[in-house]
Student: 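I'd like to ask some things about the structure below.
Counting starts at 1 for both ligands and their atoms, in listed order. Values below: all heavy atoms of this structure, side chains included; hydrogens, waters and symmetry mates excluded.
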Amino acid sequence: MIYTLTLNPSIDYIVEVDDLQLGGLNRMKRDLKLPGGKGLNVSRVLKRLGADTTAMGFLGGFTGDFIEAALQKEGIPADFVRIRGGETRINVKLKHGEETEINGGGPPITAEEANALVEKLSILREGDLIILAGSLPSTLPGDFYEQLIRMCQKQGAEFVIDTTGEPLRRALAYHPLLVKPNHHELAELFGVVIETREQLIAYGRKLLEEGAQHVLISMAGEGALLISGDEVYHANVPPGKVRNSVGAGDSMIAGFTGMLALGGDLMEAFRAGVASGSATAFSDDLAERGLIEELRTQVSIEKIG
Ligand SMILES: Nc1ncnc2c1ncn2[C@@H]1O[C@H](COP(=O)(O)OP(=O)(O)OP(=O)(O)O)[C@@H](O)[C@H]1O
Ligand SMILES: O=P(O)(O)OC[C@@]1(O)O[C@H](CO)[C@@H](O)[C@@H]1O
């Protein structure tokens, strides 16, 4: 079973305008409300790929009800802690030729609610994988991800972590199955400017040295790098019209881990990851299975190191 953990989920409110007038009245051309948050996105794509998944985390208020109903409609098992002190955030994704994102801070989580989540995670067993994804709510301790990782490992489960900064850095020592920074996150993590592919690979290798089992570096339209052991692979992205990049990275994690869970090898997982990321980039919502399958045949992988 692949569990996903989203400590700070969201409704993603996607708003499209023709010509954004800052300081003026804008009329929406189109809008869409989707369940969001990184782990939730991973679960939604895993489900479409036919992998077993359960979504976990915190939900509150009417926005939390919306997300629960959306997951139920898609047949995704969910086991969230309901919080009492606020509503799950609404993140605005503004499309105006480019994409501008305004993410909320998220509601407060009490110590009691945090403990309730820890209790729920006692269900994890050997053979399970948990994907910890997204920002850490500011009311939780800075080492909360680390606490959860230690606990999951005691129970024999593997983990993937997709977050930024210190929580990501600290998680490396626990040997995550996968980390997937994009090129900007990788540069930020090491406080450097990365200009060449060689530099990307060098910093990706550092993540392996610090403990990650596999490193995926996503580069949006430039494809992705997989660094594993002494080997480095590059995948191209298939051609297509970009409609939405929100959740492309999460879809990539779903494709990669889902394929491994379904018995695929590392190269098949890499290919499925890239195809899933691109299928989301070419869709209004997250990728559907049909498009992922179609794009999978168009991803070519080259060993470059
Ligand atoms: N413009 C694009 N064209 C084709 N494929 C894309 C494009 N953008 C993203 N993808 C696919 O999705 C993968 C992940 O994208 P990206 O590098 O943008 O991740 P990310 O920054 O973590 O995304 P997000 O945070 O928006 O979910 C890429 O490696 C690629 O396979
Ligand atoms: O604020 P965080 O937790 O870093 O990111 C949240 C978020 O931007 O990530 C997802 C896309 O990856 C969206 O569904 C969601 O709105």
Student: Any nitrogen or oxygen of Ala281 lying under 3.5 Å from a nitrogen or oxygen in ligand 1? Just yes or no.
Tutor: no
Student: For ligand 1, which atoms, with element, lie under 4.0 Å from some heavy atom of Asn182?
Tutor: 20 (P), 21 (O)
Student: Taking 4.0 Å as the limit for heavy-atom contacts, which would you say applies to Val274 with ligand 1: side chain only, backbone only, both, or neither?
Tutor: both
Student: Under 3.5 Å between any N/O of Gly247 and any N/O of ligand 1: does that happen in this structure?
Tutor: yes
Student: How does Met219 reach ligand 1, if at all, at less than 4.0 Å between non-hydrogen atoms: by side chain, backbone, both, or neither?
Tutor: backbone
Student: Going by an N to O cut-off under 4.0 Å, is there a salt bridge joining Asp79 and Lys120?
Tutor: yes
Student: Looking only at heavy atoms of Arg44, does any of them come nearer than 4.0 Å to an atom of ligand 2?
Tutor: no
Student: For Ser10, counting its heavy atoms only, list the atoms of ligand 2 lying under 4.0 Å from any of them.
Tutor: 15 (C), 16 (O)
Student: By number and element, which atoms of ligand 2 are closer than 4.0 Å to a non-hydrogen atom of Gly134?
Tutor: 3 (O)
Student: Give the atoms of ligand 2, by number and element, whose distance to some non-hydrogen atom of Lys93 is under 4.0 Å.
Tutor: 7 (C), 8 (O), 15 (C), 16 (O)
Student: So how far is it from Leu177 CG to Phe256 CZ, rounded to the nearest 0.5 Å?
Tutor: 6.5 Å
Student: Gly249: heavy atom below 4.0 Å from ligand 2, yes or no?
Tutor: no
Student: Using a strict cut-off of 4.0 Å, indicate which atoms of ligand 1 neighbour a heavy atom of Gly223.
Tutor: 29 (O)
Student: Could you tell me which atoms of ligand 1, counted from 1 in the order shown, lie closer than 4.0 angstrom to a heavy atom of Phe282?
Tutor: 3 (N), 4 (C)
Student: How far is atom 14 (O) of ligand 2 from the closest protein heavy atom, and which atom is that?
Tutor: Asp12 OD2, 2.5 Å
Student: Side chains of Asp285 and Ser283: is there a donor and an acceptor less than 3.5 Å apart?
Tutor: no
Student: With heavy-atom distances below 4.0 Å as the criterion, list the atoms of ligand 2 near Asn91.
Tutor: 6 (C), 15 (C), 16 (O)
Student: Heavy atoms only: which of Ala224, Ala220, Ser218 lies closest to atom 30 (C) of ligand 1?
Tutor: Ala220
Student: Please lay out, stage by stage, how Thr164 and Glu188 fare under the test side chain to side chain donor-acceptor pair (under 3.5 Å).
Tutor: CA-CA 9 Å; Thr164 50; Glu188 201 183 302; 5.5 Å; no
Student: Between the side chains of Asp284 and Arg243, is the shortest nitrogen-to-carboxylate-oxygen separation below 4.0 Å, so that they form an ion pair?
Tutor: yes
Student: Between Arg48 and Glu288 (salt bridge meaning N to carboxylate O under 4.0 Å), is one present in this structure?
Tutor: yes
Student: Counting heavy atoms only, name the option from Ala133, Ala235, Gly249 that's nearest to atom 24 (P) of ligand 1.
Tutor: Gly249
Student: If we check salt bridge (charged side-chain N to carboxylate O under 4.0 Å, His left out) with Arg82, which of these qualifies: Glu112, Glu113, Glu68?
Tutor: Glu68
Student: Looking at CZ of Arg197 and CG of Leu225, how far apart are the two atoms once the value is rounded to the nearest 0.5 Å?
Tutor: 6.0 Å
Student: Any idea which atoms of ligand 2 are less than 4.0 Å away from a heavy-atom of Gly37?
Tutor: 13 (C), 14 (O), 15 (C)
Student: At less than 4.0 angstrom from any non-hydrogen atom of Asp250, what atoms of ligand 2 do you find?
Tutor: 10 (C), 11 (C), 12 (O)
Student: Assess whether a salt bridge exists between Lys206 and Glu209, defined as any Lys/Arg side-chain N lying under 4.0 Å from an Asp/Glu carboxylate O.
Tutor: no
Student: Counting each atom of ligand 2 from 1 as listed, which ones have a heavy atom of Asn41 under 4.0 Å away?
Tutor: 10 (C), 11 (C), 13 (C), 14 (O)
Student: Could you list which atoms of ligand 2 come closer than 4.0 Å to a heavy atom of Gly36?
Tutor: 14 (O)
